[in-house]
Amino acid sequence: MLIDDYKKEIAERIREYFREKYGVEPKIRFTPPPSFEVADIATPIGFSLAKVLKRPPEDIAKEAAEVVKGLDFVEKVEVAKGYINVFLDKKRALKDLLEELQGDPLSFEKKNKKVVVEHTNINPNKAAHIGHVRNAVLGDALARILRRYGYDVEVQNYIDDTGVQVADTVVGLRFLRGLRKEDLDRYEPLDKYCRHVYTLVNKRYEIDKELVKYQREVLKELERGSSELAEFAREVSRRICKRHIETMYRLEIEYDLLTRESHIIRLGLAEEALRKLKEKGVAVEGEDEFSGAIVIKLPNKREFKALDKGAKVLVRSDGTFTYLLKDIGYTLRKFGLVDKDFLYDVFMRYPSGKELRTTSFEGKKDGFGKADIVINVIDIRQGVLQAIIRYALEAMGYEEQARNFIHYAYGVVHLSKKTAERFGIYSKKEIVKMSGRKGIGIIADDLFDEIEKIALENILSKHPELDLKEAREIARKIMVASVRYMMLKYDRLKDMVFDIEEAMNLSGESGPYIQYSVVRAKNIIKKSEPAEFDPEGAFLCDKERPLVRSLLEIRERFVEAAEKMDPQLLARYAYELAMRFNEFYESCRVAGEPDHIRGARLGIVKAYIKAMELLLDVLGIPIVEVM
RNA sequence: GGGGCCGUAGCUCAGCCUGGAUAGAGCGCGGGACUUCUAAUCCCGUGGUCCCGGGUUCAAAUCCCGGCGGCCCCGCCA
């Protein structure tokens with residue numbers, strides 16, 4: 001049993017009592033006690049019933065307390081005002097905890113539902129920046145959580161290889177730099193080089209109208225060309241895409257499938273969507289300012305109030321498709337609502353041997369898509385567009401799919417003034433907005449390098465005996481913990497201000513802090529003589545109880561995070577546990593203690609390690625042996 | 001103009017969904033603890049008109065209404 005089970009029994013017992021005695025059906029809420037000194041489990045039952053029973057809250061609480069006292073896992077119950085404060089039988093609870101952690105408290109029944117999570121989605125025209133990292137880390141954590149929760153999860157990464165952004169970079173490489181395919185090898189890492197090129201092109205557009213003509217030419221070639229220029233452009237975007245995959249792999253983020261926009265176009269998914277929308281009369285010829293275009297008519301719903309025109313373009317007057325239409329088409333494919341399908345080819349192989357596949361017309365058939373739930377991890381600013389996709393599904397008659405189409409939104413990453421200055425960006429404002437076009441931002445790989453450098457210095461100074469290769473790998477894992485925790489600890493819907501000092505600080509409320517607590521736990525195991533678990537030796541040190549009490553919440557916390565799809569809750573829980581463990585570590589010794597004490601504490605330490613292995617795996621934070 | 005989000009300590013943020021006990025962390029600042037399982041740690045201290053006003057309630061940071069301030073969206077870009 002864990003805390004969720006205890007609560008359930010307490011609630012049932014109280015409910016039953018009040019139902020039988022007074023004929024009322026109280027709703028029992030549990031409130032976190034101010035501290036575990038006050039209670040293990042608390043509920044303000046007296047207040048909730050005072051009105052119905054017309055009696056003082058304290059009286060009612062006293063009555064409820066008597067009922068709860070009978071439960072075998074309860075040691076004592078105190079009444080404070082309208083609250084009842086339940087104290088668990090600590091030794092019983094500890095035994096329950098160890099038993100649960102012997103197995104897997106986070107194993108859930110298969111739901112037999114497929115979820116497609118699409119994240120990262122970086123334009124393959126320049127280096128990834130920290131905004132993209134937030135997207136990828138959130139998406140990856142979400143995928144891991146849902147997988148653990150029993151869903152069949154497929155991770156896709158949408159590559160817009162035909163868009164304006166790629167065209168701009170290609171214009172720069174070809175018409176400003178005069179590069180050809182065979183030159184590209186000399187410009188690695190290409191993503192970083194292209195960042196400058198892209199910024200330069202955007203500046204040049206303002207003064208050089210000739211260049212804009214090239215942009216259109218490239219754009220056309222990207223969609224359907226087979227010329228040398230088209231080949232070149234494809235190679236550029238392929239290489240940069242590969243770089244993005246490598247960048248994210250540094251954080252141990254992997255994908256199952258790359259979907260390329262050029263393939264979506266070629267497969268005719270946009271036409272398919274358009275046909276269905278026209279059939280339902282939702283896609284129509286545009287009028288007035290939209291004349292010549294085909295638009296989707298939007299109902300007068302709140303989420304579309306922002307759009308004052310009541311319609312959105314699907315097909316431009318020049319006949320090209322907007323991203324919106326392409327995405328509607330592709331969403332149909334994800335849900336398996338169209339028969340048309342790609343063939344799938346291998347894009348690359350991860351070191352683990354896992355294949356990263358890509359949409360194609362040359363590989364073989366496969367079972368990608370056919371999702372029950374589709375989740376798009378996309379910037380909050382695109383909320384209206386995502387709402388339109390959902391509406392389009394509804395309008396086409398796919399109401400269930402519309403309900404299961406989730407825009408997993410997240411806030412924008414800005415830079416703190418100090419951080420911006422470090423990168424040569426000066427502003428009067430305290431918060432500096434990034435801009436891909438202007439090249440204002442922090443490149444993901446640069447950030448990772450910096451953090452790894454600091455971590456490596458630390459690790460080598462503390463453990464000079466480590467060989468460099470080993471130390472580097474540990475430094476990398478510390479970097480992963482640092483970056484991932486930073487991206488998960490904030491409310492995902494809120495904008496965040498990125499401060500590089502904070503990111504590189506490996507102590508405080510951080511990933512490395514959590515990792516370090518696990519290293520300490522493992523050291524205890526390594527350095528202590530083994531001893532049988534003995535409940536008699538438990539709770540002789542006052543930091544054991546809060547740790548055990550917190551560990552009992554593992555399933556409850558995980559389920560809440562999974563239901564709400566909120567990795568932040570788990571990140572903070574992991575931190576809370578690490579804090580409690582560090583307190584335990586400081587005041588309760590294990591090695592060298594008498595057998596019964598050592599046995600009990602080793603049990604707690606092992607439980608902590610097991611719990612953290614489960615939690616950190618779901619958060620994508622690696623565990624290290626030494627740091 | 002319309003729609004949305006946000007406002008909690010010097011700074012960065014939890015808590016608000018689902019009202020409940022003295023409002024919590026981290027950073028910063030001041031002090032203390034390493035012959036002991038690694039001090040990337042811990043302990044003590046410092047610091048708050050929970051933006052303002054009103055309402056609902058036994059009870060409001062939390063729910064409702066109205067202000068004020070900041071941000072985002074409202075492209076035939078994505």
Side-chain angles (χ1 to χ4, degrees), chain A residues 27 29-35 38-39 42-44 46-48 50-51 56-57 80-83 85 121 123 160 163-165 261 286 289-295 302-309 312-318 320-324 326-327 378-385 411-412 414 416 430-431 433 454-455 458-459 462-463 478 489-491 493-499 501-502 505-510 512-513 515-517 519-528 564 568-569 572 575-576 578-579 582-583 585-593 601 605 626-627:
Chain A
K27 202 179 126 205
R29 289 173 303 121
F30 293 97
T31 56
S35 84
V38 177
T43 169
F47 295 113
S48 325
K51 205 165 185 183
K81 290 178 274 184
Y83 292 96
N85 290 325
N121 303 7
N123 278 307
D160 181 2
V164 180
Q165 295 213 21
E261 188 160 288
E289 75 236 72
F290 294 127
S291 92
I294 297 172
V295 301
R302 206 184 38 193
E303 62 254 52
F304 304 131
K305 280 251 172 73
L307 266 38
D308 40 35
K309 289 168 194 130
K312 195 84 187 164
V313 172
L314 297 172
V315 183
R316 300 184 189 99
S317 28
D318 66 2
T320 58
F321 301 141
T322 59
Y323 154 81
L324 175 62
K326 288 181 255 190
D327 211 355
I378 297 178
D379 184 337
I380 197 166
R381 291 174 297 193
Q382 295 193 43
V384 178
L385 228 36
V412 184
H414 305 295
S416 72
E430 286 304 315
I431 292 169
K433 287 174 197 162
I454 293 168
N458 285 351
I459 193 88
K462 293 186 76 170
H463 301 280
I478 292 169
K489 76 182 210 187
Y490 300 109
D491 182 335
L493 290 166
K494 288 190 193 171
D495 288 3
M496 64 176 268
V497 176
F498 183 86
D499 184 77
E501 306 277 337
E502 187 198 332
N505 185 3
L506 303 183
S507 59
E509 191 198 333
S510 70
Y513 174 93
Q515 277 177 321
Y516 183 59
S517 75
V519 170
R520 286 177 137 190
K522 292 196 166 207
N523 274 334
I524 291 176
I525 305 295
K526 281 179 207 154
K527 306 252 168 107
S528 304
K564 291 182 177 170
Q568 185 200 22
L569 297 174
R572 293 206 174 247
Y575 174 67
E576 195 182 307
M579 240 161 76
N582 274 329
E583 285 165 15
Y585 184 94
E586 296 286 338
S587 61
C588 316
R589 284 200 65 79
V590 180
E593 294 295 306
R601 291 185 188 169
V605 173
V626 182
M627 72 185 275

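The basis for the numbers below is simple: all heavy atoms, side chains too, and nothing from hydrogens, waters or symmetry mates. Numbered from 1 within each chain, the chains take letters A, B, ... in sequence-line order.
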Worksheet item: Do the side chain of K564(A) and the base of U18(B) come within less than 3.5 angstrom through a donor-acceptor pair of N or O atoms?
Response: yes

Worksheet, complete the sentence: Separation of U41(B) atom P from R589(A) atom CZ, nearest Å, is 19 Å

Worksheet entry | Pairwise P distance, A33(B) and A39(B) [rounded to whole Å] | 15 Å

Discussion item. What's the gap between C5(B) and C37(B) when it is taken at their C1' atoms, as a whole Å value?
Written reply: 48 Å

Worksheet item: Closer than 4.0 Å, any side-chain N/O of K526(A) to the OP1 or OP2 of U38(B)?
Response: no

Item to complete: For the pair L314(A) and L324(A), evaluate side chain to side chain contact (heavy atoms under 4.5 Å, CB included) and give the outcome as yes or no after the intermediate values.
Response: CA-CA 6 Å; L314(A) 297 172; L324(A) 175 62; 3.9 Å; yes

Fill in: Side-chain heavy-atom pair R572(A), E509(A) within 4.5 angstrom cut-off
yes

Worksheet item: For the pair made of CG in L569(A) and C1' in G15(B), what is the distance, rounded to whole Å?
Response: 11 Å

Fill in: Expected output: side-chain R601(A) to main-chain R589(A) donor-acceptor under 3.5 Å
yes

Worksheet item: Once you round it to whole Å, what is the distance between P of C27(B) and CZ of F498(A)?
Response: 17 Å

Practice prompt. Using a 4.0 Å heavy-atom cut-off across all strands, classify L385(A) as base, sugar-phosphate, or nothing.
Written response: base

Discussion item. At less than 3.5 Å, do the side-chain atoms of S317(A) and the base atoms of C76(B) form a donor-acceptor pair?
Written reply: yes

Worksheet item: Where the side chain of Q568(A) is defined as all heavy atoms beyond and including C-beta, which of U12(B), A40(B), G15(B) is the nearest nucleotide?
Response: G15(B)

Item to complete: Begin with the C-alpha distance, continue with both residues' side-chain angles, and end with the deciding distance and a verdict on salt bridge (Lys or Arg N to Asp or Glu O under 4.0 Å) for D318(A) and R316(A).
Response: CA-CA 5 Å; D318(A) 66 2; R316(A) 300 184 189 99; 5.2 Å; no

Practice prompt. Give the rounded distance in Å between these two atoms: NZ of K51(A) and P of U56(B).
Written response: 12 Å

Worksheet item: Is there a donor and acceptor pair, one atom on the side chain of N85(A) and one on the base of A21(B), closer than 3.5 Å?
Response: yes

Practice prompt. For A40(B), take OP1 and OP2 only and decide whether either is under 4.0 Å from a side-chain N or O of K462(A).
Written response: yes

Item to complete: Would you indicate, yes or no, if A78(B) has its OP1 or OP2 atom less than 4.0 angstrom from a side-chain nitrogen or oxygen of Y323(A)?
Response: no

Fill in: Between A25(B) (P) and K489(A) (NZ): distance, integer Å
15 Å

Discussion item. Given G75(B), U41(B), C13(B), identify the nucleotide with an atom nearest to the side chain of K309(A).
Written reply: G75(B)

Worksheet item: Does U41(B) have OP1 or OP2 sitting under 4.0 Å from an N or O in the side chain of N582(A)?
Response: no

Worksheet entry | Whole-Å gap separating C1' (C71(B)) and CE (M496(A)) | 16 Å

Worksheet item: So, Y513(A) versus N582(A): side-chain donor-acceptor pair below 3.5 Å or not?
Response: yes

Worksheet item: Which value, in whole Å, describes the distance between the C1' atoms of nucleotides G1(B) and U46(B)?
Response: 48 Å

Response to the item:
Whichever of A42(A) and R381(A) has the more 5' nearest nucleotide on RNA chain B, that residue is A42(A)

Practice prompt. Assign E303(A) to base, sugar-phosphate, or nothing according to its heavy-atom contacts below 4.0 angstrom with the strands shown.
Written response: nothing

Item to complete: Return no unless some side-chain N or O of K494(A) is found under 4.0 Å from OP1 or OP2 of A14(B).
Response: yes

Worksheet item: Which one, U36(B), C6(B), U38(B), comes nearest to the side chain of Y585(A)?
Response: U38(B)

Worksheet item: Can you name the nearest heavy-atom pair linking P57(A) to A50(A), along with the distance?
Response: CG-CB, 4.0 Å

Worksheet item: Does C29(B) pair with anything, Watson-Crick or G-U wobble, both distances under 3.5 Å, and if so, with which nucleotide?
Response: G45(B)

Discussion item. Could you tell me the Watson-Crick or G-U partner of G24(B), where both distances fall under 3.5 Å? Say none if there is no partner.
Written reply: C13(B)

Worksheet item: Of the nucleotides U22(B), C74(B), A14(B), which one has an atom closest to the side chain of L307(A)?
Response: C74(B)

Item to complete: Identify whether any heavy atom of V626(A) sits under 4.0 Å from a base atom; if not, whether one sits that close to sugar-phosphate; answer base, sugar-phosphate or nothing.
Response: base

Worksheet item: For atom P, what is the distance between C71(B) and G26(B), given to the nearest Å?
Response: 31 Å

Practice prompt. Just call it for Y513(A): base, sugar-phosphate, or nothing, with non-hydrogen atoms closer than 4.0 Å on any strand.
Written response: sugar-phosphate

Worksheet entry | F47(A) side-chain proximity, nearest of A78(B), C58(B), C37(B) | C58(B)

Worksheet item: C37(B) P sits how many Å from Y516(A) OH, rounded?
Response: 12 Å

Worksheet item: Expressed in whole Å, how much space separates the C1' atoms belonging to A9(B) and C29(B)?
Response: 13 Å

Practice prompt. Rounded to the nearest angstrom, tell me the gap between atom CG in D495(A) and atom P in C71(B).
Written response: 11 Å

Response to the item:
Side-chain contact check for E502(A): nearest option of C76(B), C73(B), U12(B) is U12(B)

Discussion item. Taking the minimum atom-to-atom distance to the side chain of R572(A), which one of G26(B), C13(B), C37(B) wins?
Written reply: C13(B)

Worksheet item: Is there a Watson-Crick or G-U wobble partner for G1(B) with both distances under 3.5 Å, and which nucleotide is it?
Response: C74(B)

Item to complete: For D160(A), report the nucleic acid contact type (base, sugar-phosphate, nothing); a contact means any heavy atom under 4.0 Å.
Response: sugar-phosphate

Worksheet item: When rounded to the nearest Å, what value does the distance between P atoms of G28(B) and C65(B) take?
Response: 41 Å

Discussion item. Please check if the number of heavy atoms outside K526(A) that lie under 6.0 Å from its NZ is greater than 12.
Written reply: yes

Worksheet entry | Given C77(B), G75(B), U12(B), the nucleotide with the shortest approach to the side chain of V164(A) | C77(B)

Worksheet item: Should K522(A) be listed as having a side-chain N or O under 4.0 Å from OP1 or OP2 of C37(B)?
Response: no

Item to complete: Could you let me know what G69(B) is paired to, Watson-Crick or G-U wobble, both distances under 3.5 Å, or none if it's on its own?
Response: C6(B)

Practice prompt. With a 3.5 angstrom cut-off on both distances, give the Watson-Crick or G-U wobble partner of C63(B), or none if there isn't one.
Written response: G55(B)

Fill in: Closest to side chain of R316(A), choosing from G2(B), C27(B), C76(B)
C76(B)

Discussion item. Once you apply a heavy-atom cut-off of 4.0 Å, does V590(A) come out as touching a base, just sugar-phosphate, or nothing?
Written reply: base

Fill in: Nucleotide of C13(B), A21(B), C72(B) approaching A80(A) most closely (side-chain heavy atoms)
A21(B)

